[in-house]
Amino acid sequence: MARVYNFSAGPAVLPEEVLKEAAEEMLEYKSTGMSVMEMSHRSQAFAEIIGEAEQTLRNLMSIPDNYKVLFLQGGASQQFAMVPMNLMKNRVADHINTGQWAKKAIAEGKLFGRVNVIATSEDKTFSYIPEMKGLKVSEDADYVYICHNNTIYGTKFNELPQTDGKTLVADMSSDILSEPVDVRQYGLIFAGAQKNIGPAGVVVVIIREDLIRDEVLPGTPTMLKYKIHADNKSLYNTPPAYGIYICGKVFKWVENMGGLTAMQRRNEEKAALLYDYLDGSTLFKGTVVKKDRSLMNVPFVIGSAELEAKFVKEAKAAGLENLKGHRTVGGMRASIYNAMPVEGVKALVEFMRKFEEENPRA
């Protein structure tokens, strides 16, 4: 078996230790006589799995007691609708537009009320984060919404918006657990699992209790009410049980790696290796303003479609997979989530150096 270095934006690389442990438990979990994929979500064994997963996440992120942790389905994209259905009491929301996923949330929010785009970086292909000071937050806004890390464009909020007391909602799908965050600054955080938490099929929601209400928009389906899931401890219906099991193992892996402060140091080291090379290269160029660069997603270009296609093809042959950039940016993108080892980034940089030597810019 030869595992590649997988730079996919999602579904993304998982820790090898987690995969090996799950493989050992595939046929029988502990002494249950069955796989986690076969057991009832109402069983004591699964109650322990989901309970431990939640507690480990709470410990890692120092989640206050007045926040609920929910393990849901539908991915982050379903949260684009679920957030306004549950939180848009005045039918008004302020959004900051920093890329494709933010735009999709804006479009979904417009189905339920008025969406005000109070800042955007679309003028420069989302290559920066707009100024966060002096934002004109709407007086009647129910919440202010951001996409914390922009997977496609490689930007990250290093400074949170001043919301004038309004609830801050954040999509953290591509950078959750990459560094410490103060959960108390947010009313609601959600994250699709398939980038930095676990396999596709799970979305984690961290929501302050006062936002969990019976009073939701008329017509909101039962399955899209946070209160239903909170009251039933994520077990209102059959949850994505195996995905939650893997998430719990990833949480433990992060804990064993030293927690979020240690993970941040590790991620900063990996990102610096790649950004430092890009900054000194005459062939490759990063696409993001330096102060807004993501630690997780690094887009870069050559400026020649022919050379970029050659790079992606030769990188794949060298065991460096999924480096083709998103169609809206072009070029290449390396997603270097928590589970990407530093050796993978070193291998990528070494390959880039060799490619640049063999393909000098005329």
Side-chain angles (χ1 to χ4, degrees), residues 6 8-15 17-19 21-23 25-26 29 35-43 45-61 63 67-83 86 101 104-105 147-149 151 169-178 181 183 186 188-207 221 223-226 228-230 232-255 296 335 337-339:
N6 178 14
S8 171
V13 60
L14 285 166
E17 295 94 322
V18 168
L19 295 174
E21 192 174 323
E25 296 176 342
M26 177 60 73
Y29 176 73
S35 171
V36 174
M37 284 190 283
E38 301 170 301
M39 67 176 54
S40 167
H41 63 294
R42 306 292 182 193
S43 67
F46 187 73
E48 292 173 2
I49 288 170
I50 193 170
E52 186 174 358
E54 176 181 338
Q55 190 57 54
T56 308
L57 181 61
R58 282 186 176 276
N59 295 344
L60 283 171
M61 296 184 69
I63 298 172
Y67 284 73
K68 295 290 188 183
V69 175
L70 308 176
F71 295 96
L72 307 180
Q73 301 175 71
S77 294
Q78 185 158 284
Q79 293 304 304
F80 299 161
M82 204 164 172
V83 167
N86 286 265
W101 302 113
K104 288 190 174 185
C147 183
H148 204 261
N149 183 88
T151 318
V169 174
D171 175 355
M172 288 192 186
S173 293
S174 54
D175 70 340
I176 194 167
L177 302 182
S178 65
V181 297
V183 173
Y186 307 84
L188 188 152
I189 294 167
F190 68 85
Q194 68 273 15
K195 301 174 187 295
N196 229 13
I197 297 177
V202 183
V203 59
V204 175
V205 175
I206 303 167
I207 179 171
M223 275 290 290
L224 297 185
K225 295 177 181 178
Y226 290 126
I228 287 290
H229 296 290
N232 289 277
K233 299 181 178 179
S234 302
L235 298 173
Y236 174 73
N237 69 320
T238 307
Y242 195 78
I244 293 169
Y245 156 79
I246 298 292
C247 290
K249 288 192 177 296
V250 173
F251 298 155
K252 279 293 184 186
W253 175 80
V254 174
E255 188 176 68
M296 299 284 96
S335 293
Y337 300 119
N338 284 353

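- The CE atom of Met296 lies 4.5 Å from the OG atom of Ser178; values are rounded to the nearest 0.5 Å.
- For Pro199 against Gly243, the heavy-atom pair with the smallest separation is CG-CA, 3.8 Å.
- Contact between Ser43 and Ser40 at its shortest, heavy atoms only, is OG-O, 2.7 Å.
- With rounding to the nearest 0.5 Å, the separation of CD in Glu52 from CZ in Phe251 is 11.5 Å.
- Residues passing the ring-ring contact (aromatic ring centres under 6.0 Å, His included) test with Tyr29, sequence neighbours excluded: Tyr245.
- Within 6.0 Å of CD in Gln73 there are more than 12 heavy atoms belonging to other residues, nucleotides or ligands.
- From Ile207, atom CD1 reaches atom CD1 of Ile189 across 11.0 Å, with rounding to the nearest 0.5 Å.
- Ring pair Phe190/Phe80 is perpendicular by interplanar angle, where above 60° counts as perpendicular and below 30° as parallel.
- For the salt bridge (charged side-chain N to carboxylate O under 4.0 Å, His left out) condition, the pairs that include at least one residue of residues 236-249, sequence neighbours left out, are Glu21-Lys249, Glu25-Lys249.
- Residues Lys233 and Ile50 are not in side-chain contact: their nearest non-hydrogen atoms beyond the backbone lie 4.5 Å or more apart.
- Taking the side-chain hydrogen bond (donor to acceptor under 3.5 Å, both in side chains) definition, one finds that Asn196 meets it with nothing, sequence neighbours left out.
- Between Met61 and Val181, some side-chain heavy-atom pair lies under the 4.5 Å cut-off.
- Residues Val36 and Ile49 meet the side-chain proximity criterion, which asks for heavy atoms closer than 4.5 Å.
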Notebook entry, point to check: Checking side chain to side chain contact (heavy atoms under 4.5 Å, CB included) for the pair Gln194/Val202: CA distance, chi angles, key distance, verdict?
Noted result: CA-CA 8 Å; Gln194 68 273 15; Val202 183; over 6 Å; no

Would Arg42 and Leu235 satisfy side chain to side chain contact (heavy atoms under 4.5 Å, CB included), going step by step from the backbone distance to the final call?
CA-CA 8 Å; Arg42 306 292 182 193; Leu235 298 173; 3.4 Å; yes

| query | Going through the distances and angles, do Asn149 and Met172 end up as a side chain to side chain contact (heavy atoms under 4.5 Å, CB included)? | reply | CA-CA 6 Å; Asn149 183 88; Met172 288 192 186; over 6 Å; no

For a side chain to side chain contact (heavy atoms under 4.5 Å, CB included) check, start with the C-alpha distance between His229 and Leu72, then their side-chain angles and the critical distance, and finish with the verdict. CA-CA 8 Å; His229 296 290; Leu72 307 180; 3.4 Å; yes

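- Counting only heavy atoms from C-beta outward, the side chains of Ile176 and His148 never approach each other to under 4.5 Å.
- Taking Asn237 as the reference, nothing meets the side-chain hydrogen bond (donor to acceptor under 3.5 Å, both in side chains) condition, with sequence neighbours excluded.
- Rounded to the nearest 0.5 Å, atoms CD1 (Ile228) and CG (Leu70) are 12.0 Å apart.
- Nearest heavy atom pair, residue Ala339 against residue Pro15, reads CB-N, 3.5 Å.
- Side-chain atoms of Lys195 and Asp175, non-hydrogen and from C-beta on, never get closer than 4.5 Å to each other.
- To the nearest 0.5 Å, the span separating CH2 on Trp101 from OG1 on Thr151 amounts to 7.5 Å.
- No more than 12 heavy atoms of other residues, nucleotides or ligands sit less than 6.0 Å from atom NZ of Lys68.
- Using a 4.5 Å heavy-atom cutoff, the side chains of Tyr186 and Ile206 are not in contact.
- When all heavy atoms are compared, the tightest approach of Ala76 to Ser173 is CB-OG, 3.4 Å.
- Closest heavy-atom contact between Gly192 and Val203: N-CG2, 3.9 Å.
- With sequence neighbours excluded, the residues forming a side-chain hydrogen bond (donor to acceptor under 3.5 Å, both in side chains) with Gln79 are Tyr226, listed by chain and number.
- Between Ile63 and Leu57 the shortest heavy-atom distance is CD1-O, 3.9 Å.
- Glu255 meets the side-chain hydrogen bond (donor to acceptor under 3.5 Å, both in side chains) test with Lys252; sequence neighbours excluded.
- The shortest side-chain heavy-atom distance between Pro239 and Phe46 falls under the 4.5 Å cut-off.
- Put simply, the side chain of Tyr337 gets close to the backbone of Ala9: a donor and an acceptor are under 3.5 Å apart.
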